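To keep things clear, I will list the structure first and then write my remarks on it.
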Amino acid sequence: MSFFKNLISSALGTFIAIGLLFVFMLVFFAGSVALMDEEGKAVELKENTVLVLDMNRPVQDREPQSFSFASALEIEPEAYGLNTIIPAIENAAEDDLVAGISIENISALGGISNMHTLRKALTAFKESGKFIYAYADYYSQLDYYLASVADSIFVHPEGAIDLRGLSAEILYYKSAQEKSGIRMEVIRNGKYKSAVEPYLDDYMSKENRTQIQSFLDDIWGTLLGDIATSRALGKKELDKHADDLAGGNAQKAMAAALIDGTATRRSYKEKLASRFDTDEVETTNFADYMAVAGRKKGKGANRIAVLYAQGEIIYGEGGAEMIGQEKMIKALKKIGKKKNIKAVVLRINSPGGSALASELIWEEIAHLRKTKKVVVSMGNVAASGGYYIAANAHEIVAEPTTITGSIGVWGVLPNVNRLSKRWGINAEQVVTNKQALQYSPFEPLPNSTRNEIKAGINQVYQTFLTRVADGRGMTKDEVHKIAQGRVWSGIEAKAIGLVDHLGGLDLALERAAALAEIEDYRLTTYPKFDDDLESILEGLLGGPFGKLRTQLPPEISLWVQGIEALENPANQLQTRLPYTLNVN
């Protein structure tokens with residue numbers, strides 16, 4: 001019976017796949033004709049054009065790769081990439097037809113470090129002698145941070161600026177576990193490895209509070225410094241404005257010099273036009289301009305490879321939003337074989353993940369650096385496993401606002417023993433050897449298993465310390481003092497020797513070129529993704545299915561990791577950031 005069920009299921013699946021393929025092909029060929037007319041067509045600019053920066057999608061390190069299937073189906077990318085935004089801004093600074101940039105109602109999504117990078121590019125644009133204006137109905141704190149680079153900032157008369165400082169909140173579950181009968185079996189090392197602290201206590205530890213306060217202060221100080229410089233305000237004055245909620249309404253914001261005036265959407269357009277003594281200003285959407293000017297071409301035969309590592313580290317293949325050792329190793333090997341690639345910049349934006357996958361990636365990077373210079377560029381976060389794979393680069397570059405470090409290891413296993421007893425569920429086991437079962441979520445965690453996992457965690461931690469020590473030219477004792485799972489800001493990480501320079505991808509490329517002793521070069525990006533039906537279906541089913549794990553709350557994500565650990569020991573030990581920390 002089971003055979004026939006599987007046969008019918010397989011046949012049905014095949015028919016559905018063929019049907020989908022047929023539909024996609026029809027749409028593809030119908031759509032490709034329409035696309036052909038526009039492919040390669042440059043954006044037509046007139047004199048004194050203003051580029052309107054009103055992107056409402058998250059900003060990632062790398063623009064999602066566009067496949068022909070996706071283009072034919074007119075599937076828009078889910079995010080914009082710094083790899084296209086920054087070159088487009090640099091091109092606009094030199095474009096005689098571009099007079100300025102207007103930042104309008106931008107929803108600044110993508111993390112503080114990415115906004116910091118984008119803001120630096122806009123600052124450089126202003127230094128070319130061109131102007132930047134900004135308008136919003138309402139500014140979130142991150143929106144205002146980006147908009148504050150403008151020469152003039154306007155807000156709707158009924159709008160406001162949400163400038164209030166940074167905060168972080170963590171939920172604790174010890175008592176809830178006791179009441180529910182569901183608990184997480186936790187094994188960790190390092191007093192700062194607070195990934196699992198919420199399951200061990202009902203209150204934040206002193207060590208955890210210390211580290212969070214420390215990097216929040218650094219990040220807030222960076223934001224204050226940038227805003228204060230652009231607005232010609234003192235940092236202390238601006239800090240007081242945050243305490244007093246001076247941006248609570250448009251009138252208070254003007255009195256505090258946070259903005260230059262109020263305007264409706266229509267009157268703001270009139271203000272732009274008045275710069276050119278015209279009734280209507282020539283504008284072009286920045287996204288359209290970016291499509292033709294957002295590629296850094298470079299020159300010469302030499303190349304620098306930019307290898308993007310985005311997302312959680314898992315043991316397996318990986319993809320655009322998850323780092324798997326197989327895809328990373330494949331990319332690193334390809335880079336190693338290309339003689340015209342003289343250096344590699346590994347752009348990391350990851351909280352870490354599987355310890356084994358991190359070690360396997362580290363090994364391939366160690367092999368690559370024998371023949372090519374390797375520089376790491378850290379984005380919003382490059383912590384735990386994210387730092388593991390960075391540790392043996394020739395140089396490491398981080399943003400001041402980057403969250404990094406978290407050198408430590410932990411493991412979690414879900415346990416429903418109390419709940420199963422409450423519901424009258426009893427699990428019975430039959431084994432050939434006393435260690436055969438290892439662990440059942442329906443039974444208390446045996447001391448033998450706990451000790452086994454502890455030994456594994458200690459081994460991985462010692463290896464982690466060695467990797468960092470060797471890569472950073474430190475002793476293991478020196479690394480241990482700054483490790484134990486503690487999280488650092490980019491500023492702190494540079495002070496203690498975990499990174500070499502503060503800056504963005506541009507600085508990392510400069511350092512890679514200098515180390516490789518080349519001046520002229522082109523960029524090539526990795527990993528490459530296949531343009532096939534499977535990849536497109538993966539993207540189409542991203543929402544509630546394919547990308548479900550990446551959208552889970554951190555508490556549920558830990559359960560998923562625990563279940564994976566039961567199915568695959570390679571995911572049992574985690575070198576991961578303490579928690580998914582949203583800085584507001």
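Everything numeric in this text was worked out from a predicted model, so none of it was measured. Values below: all heavy atoms of this structure, side chains included; hydrogens, waters and symmetry mates excluded.
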ask   = Do T401 and E399 have a side chain donor and acceptor closer than 3.5 Å?
value = no
Closest contact, heavy atoms only, G234 versus A228 = C-CB, 4.2 Å
request  = Evaluate the criterion salt bridge (Lys or Arg N to Asp or Glu O under 4.0 Å) for residue pair R265 and D137; output intermediate values, then yes/no.
outcome  = CA-CA 8 Å; R265 294 187 182 189; D137 300 328; 2.4 Å; yes
task = Go through V50 and F276 one step at a time and tell me if the side-chain contact (heavy atoms from CB on, under 4.5 Å) criterion holds.
result = CA-CA 11 Å; V50 175; F276 308 104; 3.9 Å; yes
ask   = Under 4.5 Å between any side-chain heavy atoms of F286 and I103, yes or no?
value = no
inquiry  = Is a donor from one side chain sitting under 3.5 angstrom from an acceptor on the other, for H116 and Y145?
reply    = yes
message = Would you say E94 and N91 are linked by a side-chain donor-acceptor pair, where the criterion is simply a distance under 3.5 Å?
response = no
inquiry  = Can a donor-acceptor pair be found, under 3.5 Å and without considering hydrogens, that links the side chain of D162 to the backbone of Q141?
reply    = no
request  = For E395, enumerate each residue passing the salt bridge (charged side-chain N to carboxylate O under 4.0 Å, His left out) test, keeping only those at least two apart in sequence or located in another chain.
outcome  = R511
task = Any chance you could measure T525, atom OG1, to E63, atom CD, to the nearest 0.5 Å?
result = 10.0 Å
message = Any side-chain to backbone donor/acceptor pair from S350 onto A382? Under 3.5 Å, distance only.
response = no
inquiry  = Walk me through whether T222 and I112 qualify under side-chain contact (heavy atoms from CB on, under 4.5 Å).
reply    = CA-CA 10 Å; T222 299; I112 292 175; over 6 Å; no
query = Looking only at heavy atoms, which two atoms of P351 and S384 are closest? And how far apart?
reply = O-CB, 3.7 Å
ask   = Do side-chain atoms of K126 reach the backbone of V149 as a donor and acceptor pair under 3.5 angstrom?
value = yes
task = Would you indicate whether the side-chain heavy atoms of V344 and Y526 approach each other to under 4.5 Å?
result = no
inquiry  = With a 3.5 Å distance limit and no angle check, can you tell me whether D151 reaches the backbone of I132 through a side-chain donor-acceptor pair?
reply    = yes
inquiry  = Can a side-chain donor-acceptor contact be found between Y268 and S102 if the only test is distance below 3.5 angstrom?
reply    = yes
ask   = Between A357 and I313, which heavy-atom pair has the shortest distance, and what is it?
value = CB-CG2, 3.8 Å
message = Rounded to the nearest 0.5 Å, what separates atom CD1 in I329 from atom CG in L368?
response = 12.0 Å
key: Flag side-chain contact, heavy atom, 4.5 Å: L258 against Y144   = yes
query = Looking at side-chain heavy atoms only, is the closest gap between V345 and V397 below 4.5 Å?
reply = no
Evaluation steps, ring pair (Phe, Tyr, Trp, His ring centres under 6.0 Å), between Y133 and Y135 = CA-CA 7 Å; Y133 269 27; Y135 170 82; over 10 Å; no
ask   = Backbone N or O of A136 within a donor-acceptor pair of the E104 side chain at under 3.5 Å?
value = no
ask   = Does R275 have any salt bridge (charged side-chain N to carboxylate O under 4.0 Å, His left out) partners at least two apart in sequence or in another chain, and if so, which?
value = none
query = Nearest heavy-atom pair of R119 and S148: which atoms, and what distance?
reply = NH2-OG, 2.8 Å
ask   = For K334, does the NZ atom have more than 12 heavy-atom neighbours from other residues, nucleotides or ligands under 6.0 Å away?
value = no
inquiry  = If you apply the rule side-chain contact (heavy atoms from CB on, under 4.5 Å), what do you find for K130 with I101, and how did you get there?
reply    = CA-CA 8 Å; K130 301 183 179 184; I101 291 176; over 6 Å; no
Between OG1 on residue T264 and CD on residue E270, distance to nearest 0.5 Å = 7.0 Å
message = If you define the side chain from C-beta out and look only at heavy atoms, does anything of I89 sit under 4.5 Å from I85?
response = yes
Polar contact flag, side-chain donor to acceptor under 3.5 angstrom, D520-N302 = no
inquiry  = I'd like to check D95 versus T49 (side-chain heavy atoms, cut-off strictly below 4.5 Å). Are they in contact?
reply    = no
ask   = When rounded to the nearest 0.5 angstrom, what is the spacing between OG1 in T402 and CG in L498?
value = 12.5 Å
ask   = More than 12 foreign heavy atoms under 6.0 Å from CD of E158: is that the case here?
value = no
request  = To the nearest 0.5 Å, tell me how far N114 CG sits from Q60 CD.
outcome  = 8.5 Å
key: Heavy-atom closest contact (V487 atom, Q211 atom, distance)   = N-OE1, 2.6 Å
query = Checking side-chain contact (heavy atoms from CB on, under 4.5 Å) for the pair K271/F154: CA distance, chi angles, key distance, verdict?
reply = CA-CA 10 Å; K271 289 179 183 294; F154 301 93; 3.6 Å; yes
key: Test item: H394 side-chain N/O and V374 main-chain N/O as donor-acceptor pair under 3.5 Å   = yes
Donor-acceptor under 3.5 Å (S128 side chain, A124 main chain) = no
request  = For the residue pair I170 and I212, establish whether any side-chain heavy-atom pair is separated by less than 4.5 Å.
outcome  = yes
inquiry  = With a 6.0 Å cut-off (strictly less than), is the heavy-atom count around NZ of K372, excluding the residue itself, greater than 12?
reply    = yes
key: Minimum-distance pair of heavy atoms, taken over all atoms of I396 and M378   = CG2-CE, 3.6 Å
key: pair E127-F125: side-chain heavy atoms closer than 4.5 Å   = no
remark   = The salt bridge (charged side-chain N to carboxylate O under 4.0 Å, His left out) partners of E510 (sequence neighbours excluded) come to none
Nearest-0.5 Å distance that lies between atom CG in L118 and atom CD1 in I86 = 5.5 Å
Side-chain (D218) to main-chain (G490) donor-acceptor, under 3.5 angstrom = no
